[in-house]
Amino acid sequence: MEAYKEAIAECLTESLGQPTETIVPMLRIPPEAAWGDFAFPCFTLAKAWRQAPQQIAAQLAQQLTLAAPVAAVAAHGPYLNFTLDDDILSREVLQTIAREGERYGRGDEGRGKKVVIDYSSPNIAKELAFHHVRSTMIGHALKQILEARGYTVEGDNHLGDWGTPFGLLIAAYERFGWDDAADVEDIVQLNALYVRARNEAKVDAGFAAAGRHWFQRLEAGDPQARKRWRWFVDVSLAEFDKVYGLLGVSFEHTLGESFFEPYMDDAITELQGRGLVTESQGALVVDLSAYDMPPCLLKKQDGATLYSTRDLATVLYRKREWRFDTCLYVVDMGQSLHFAQLFKVLELAGFEWAANCHHIPFGLVLQRNPESGKWEKGSTRQGNASLLKTVLEAAIGMAREKMAASNPDLPDAELVARQVGVGAVVFNDLKNRRTRDVKFDQEAILNPQGETGPYMQYTQARCASVLAAAPETASVEPLYELLQQPEERALVRKLATYPAVVAEAARTWEPSVVAQHLLAIAADFNSYWTRGNKDPGRRILRPDAADLTVARAALTAAVRTVLCNGLKLLGVPAPDAM
RNA sequence: GCCCCCUUAGCUCAGUUGGAUAGAGCAUCGGACUUCUAAUCCGAGGGUCAGAGGUUCAAAUCCUCUAGGGGGUACCA
C-alpha cells in the first residue's frame, strides 16, 4: 500500500510544489471506504495559499492529472479523496499473495540483526498459572513476528530456578518428607511443598534459617543439595513441557538463573572494576540515587546473590556468547523498576549496547477477590490464581462439545478440539494491547462467539471448505475486474496492508496489531460470505459462471493465506475444518 | 509520601503521525439456515471519550491539574 501512497503523492507534487517525500506522510485514510483509499487534508495549505481549505480541495480536484493506478480524485470538504483502480489493485495484491503464499507478510528490515527474547520464564516447583500465558504467548508471537521481518531470533526461557526459595524447598523436603504413594502428580505435590515451605518460613525463624543455609550449600555445590534441586527442576520442566507442547511453543535456550551462577562473581568484579559497586548496610550495591532509583542490590548481607545479580550476569553472558543486537525482556509491568535499574547499571558501566536492551512490559492478570470483590493481582500462593492447564482444558472441552453438536462426523475431532481450545485462550490474550491489565474471566475466554480465536479459525475453515469444493482452476487467469462488490474491494485493501501491519507489530513489539487486523479481515469476509445465503448470485462458487468463481476463489484463497499467516505469527492453530 | 500504568456504550475493548459523522464484540431486543460450515450475518437501542483547564485551523489522541483503579518502591523473584 505504501507504493500506492507514492503514486498519489506523484499526482500532487507538481501542484503543491513539494517533493513526494513530504506529501506521503500527510496522506490519511478516509473514515468511509466509499470515499476513497487515501485522503489529502488541505488545512496546512490554507495559510500559505491564503484560501479556505475547502476551496483549495475543490480547485486541486479540478486541475490534477491522474496516472494509474490512481483512478479518481474528489473534493470532500477540506479533503481531497483519491481512489485507486480496483482492477490494478486486485490484480497486484492477489497475484502477490498467490505467488508468495506463506511468505506473504515477510520483510527483510531485520536482516543481519539478532534479537534475544527472554520470555515465559516461570519459577520452578510451581505449576504454570494462567498469567504465564501472557509472557509465553506475547514472547512467542514477537519471536515469530520478528523472524517474519528478517531478524534472527533466539528465545531464552529464563527459568526462576535459583535463590533462597529453593533452599527453603529443600528444607521443607527434609522436614516434611515426600509421599511417594501420594495419588497426585509430582508437580502438584511439589507445588504444595513449595507453598508449605514459604508459609513455614514466615512463622518459624529456625526453619527460615535452615532454608537459607540450604541455599548456601546449593551455591557452594553441595552434592546432596544439588541432587534435590536437580530433581525439583526435572519435575517442573516435565510439567512445563506438557503445556508448552500444547501451546506449540519452544525455546532455543532454557538456561535458567542457575546456569548463570558461575558467572555472577565475574559480573560483580566487572562492575567493581568500573568503580560502580559500593557497600551499604552490609550489602553490595550499585547506588542509583542520582537517578531517583533505589540501589541495585548485587549481594545480600549474608552474601547470597539476588535476582538483579543473576539478570546482570545473564545479560553479559548473552551479549558475549550470543552477540545480540537487541535483547527483549517480555516481563510484566510490575518489574519496570527492576529493568530500569538493570539497564541503568549497564549504561553506567559504559556498555553502549545497554540502549538496545528493552523491557517489553505487559499488564497484569487481575483476579476478582471473592471477599472484597476487587480486581487484584492473582497469586498462586493464596490459591486464587487459576492454572493455565485448567483453563486450556476447559477451553478444549468447550470446543469438543461444540463440535460434537455441530460437526459430529469431523475426522481428527480431538486434535481439532485441542487446536480450537488453545486458539481460544491464545487469541484472547493477544487481541488487546499488551500493556492493558487483563481481568481474568473464564466465561469470556470460553465463549467462542465474536472477536475470538474460534471465530478466526472458523473463518479460515470456511475459506478452506469453499476452496476444497471449488473446481480446479489453477491454470486459469482470474478476471480481477469482476471483483467489484464493496466487500471484495474492502478485502483486497485490507489484504494489501497486511505486510505493513506485520512490520508495525515488529517495530512496536505489539502482537495485537496483527490480531486486530485479522479480525477486521475476518469480519469483512464473513459478511461477504453471508450475502450469498440469501442471494445465490453473490456466492463464491457459481456453477453457472466460471469466471466469477475463479475470481472469487482467488480472493478467498488470498484471505485464507493471510489469515493462516497471521494466525501462525500469533501462535493460533488454523485447522481446515471444525 | 514518591514513581509507573490505566480510565472510551451496561460489560470487555479497538481507535493509525492530532484530521471528516468516536467504532467492534459480549449482553438485551428484533430478524436471516430446502445455503459455498449459522462458532456466521443483518438491524435496533445504548456515549459529557473520568472531570477541569491549556496548546491548535483541528484533541479520545499532546501538555497541566484533580478524582478513581492497578502496580512498584534495598536484601523475594
Side-chain angles (χ1 to χ4, degrees), chain A residues 25-26 28-32 35 39 41 43-44 46-47 52-53 76-79 81 121 123 160 162-165 198 257 280-285 288 292-302 304 306-308 310-311 332-338 340-341 361 363-364 366 374-377 398-399 402-403 405-407 420 424 431-433 435-439 441 443-444 447-455 457-459 461-470 504 512-513 516 519-520 522-523 526-534 536 539-542 549 552 556 577-578:
Chain A
M26 295 170 73
R28 296 283 178 275
I29 294 172
E32 293 285 338
W35 296 356
F43 305 102
T44 48
K47 237 181 245 171
H76 192 291
Y79 292 87
N81 288 332
S121 309
N123 290 343
W162 206 244
T164 324
R198 282 194 82 101
E257 297 186 326
S280 170
Q281 302 175 24
L284 281 189
V285 307
L288 297 173
D292 288 326
M293 284 190 269
C296 177
L297 260 81
L298 301 176
K299 271 195 176 175
K300 300 199 284 185
Q301 287 172 343
D302 66 3
L306 290 109
Y307 185 39
S308 329
R310 280 165 236 145
D311 259 358
D332 76 72
M333 287 175 26
Q335 299 192 42
S336 299
L337 177 59
H338 164 72
Q341 291 177 298
L364 298 167
L366 305 179
K374 283 189 168 183
W375 291 97
E376 51 193 40
K377 190 176 171 181
M398 172 278 292
K402 173 72 187 162
M403 280 186 328
S406 64
N407 204 350
V420 173
K431 74 175 171 186
N432 294 137
R433 258 173 28 232
T435 48
R436 287 196 91 97
D437 284 348
V438 173
K439 290 170 185 156
D441 181 354
E443 216 172 299
N447 182 356
Q449 287 169 352
E451 300 171 324
T452 66
Y455 174 77
Q457 294 170 317
Y458 182 74
T459 310
R462 275 182 148 179
C463 293
S465 159
V466 77
L467 290 171
E504 165 80 0
S512 71
V513 173
Q516 291 292 334
L519 274 172
N526 283 319
S527 179
Y528 175 52
W529 172 292
T530 309
R531 301 208 191 272
N533 283 352
K534 261 299 188 44
R539 289 188 196 161
I540 294 162
L541 300 181
R542 289 283 304 275
T549 302
R552 291 176 183 175
T556 304
M578 60 188 274

Atom pair CE (A:Met403) and CE (A:Met398), whose distance is rounded to the nearest 0.5 Å: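 One finds 9.5 Å between CE of A:Met403 and CE of A:Met398.
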For A:Arg462 against A:Thr530, the heavy-atom pair lying closest together: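 Of all heavy-atom pairs spanning A:Arg462 and A:Thr530, the closest is NH1-OG1, 4.4 Å.
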Nearest atoms (heavy-atom pairs only) where A:Thr556 meets A:Val466: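 Smallest heavy-atom distance, with atoms named: CG2-CG1, 3.5 Å.
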[N] [atom2] sits how many Å from [X] [atom1], rounded?
X	N	atom1	atom2	value
A:Lys439	B:rC13	NZ	C1'	10 Å
A:Asp441	B:rC26	CG	C1'	10 Å
A:Met333	B:rG70	CE	C1'	8 Å
A:Leu519	B:rC26	CG	P	12 Å
A:Asn447	B:rC13	CG	P	15 Å
A:Arg539	B:rU37	CZ	C1'	13 Å
A:Lys431	B:rA24	NZ	C1'	10 Å
A:Leu297	B:rC76	CG	P	9 Å

Contact class for [X] (heavy atom, under 4.0 Å): base, sugar-phosphate, or nothing?
X	value
A:Gln457	nothing
A:Arg433	sugar-phosphate
A:His76	base
A:Ala39	base
A:Leu364	sugar-phosphate
A:Leu541	base
A:Gln516	sugar-phosphate

B:rA20 base / A:Asn81 side chain donor-acceptor hit below 3.5 Å: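 Answer yes: a donor N or O sits under 3.5 Å from an acceptor.
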Base B:rA74 to side chain A:Ser280, donor-acceptor N/O within 3.5 Å cut-off: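 Yes.
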When you measure from the side-chain N and O atoms of [X] to the phosphate of [N], is any distance below 4.0 Å, counting only OP1 and OP2?
X	N	value
A:Lys377	B:rG72	yes
A:Arg462	B:rA38	yes
A:Ser527	B:rC42	yes
A:Arg436	B:rU7	yes
A:Arg28	B:rU17	no
A:Trp35	B:rU21	no
A:Tyr458	B:rA39	yes
A:Lys402	B:rA39	yes

Is a side-chain donor or acceptor of [X] paired with a backbone partner of [Y] at a separation under 3.5 angstrom?
X	Y	result
A:Asn407	A:Met578	yes
A:Thr459	A:Tyr455	yes
A:Arg310	A:Trp162	yes
A:Gln341	A:Pro295	yes
A:Thr549	A:Arg542	yes
A:Asn526	A:Ala522	yes

Please report the distance separating the [atom1] of [N] from the corresponding atom of [M], rounded so that it comes out in whole Å.
N	M	atom1	value
B:rC26	B:rC65	C1'	36 Å
B:rC41	B:rA27	P	13 Å
B:rC4	B:rC63	P	12 Å

Each stem that RNA chain B is part of, given as range with range (3 or more consecutive Watson-Crick or G-U pairs, under 3.5 Å):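 Stem segments, range with range: B:1-7 with B:67-73, B:10-13 with B:23-26, B:28-32 with B:40-44, B:50-54 with B:62-66.
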Closest-nucleotide ordering on RNA chain B, the 5'-leading residue of A:Glu504 and A:Asn526: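 Residue closer to the 5' terminus by nearest nucleotide: A:Glu504.
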Contact nearer the 5' end of RNA chain B, comparing A:Gly282 with A:Pro25: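 Checking each residue's closest nucleotide, the 5'-ward one belongs to A:Pro25.
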Closest listed nucleotide, where the reference is the side chain of A:Tyr455 and the choices are B:rG19, B:rU40, B:rU8: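 When the side chain of A:Tyr455 is considered, B:rU40 is the closest of B:rG19, B:rU40, B:rU8.
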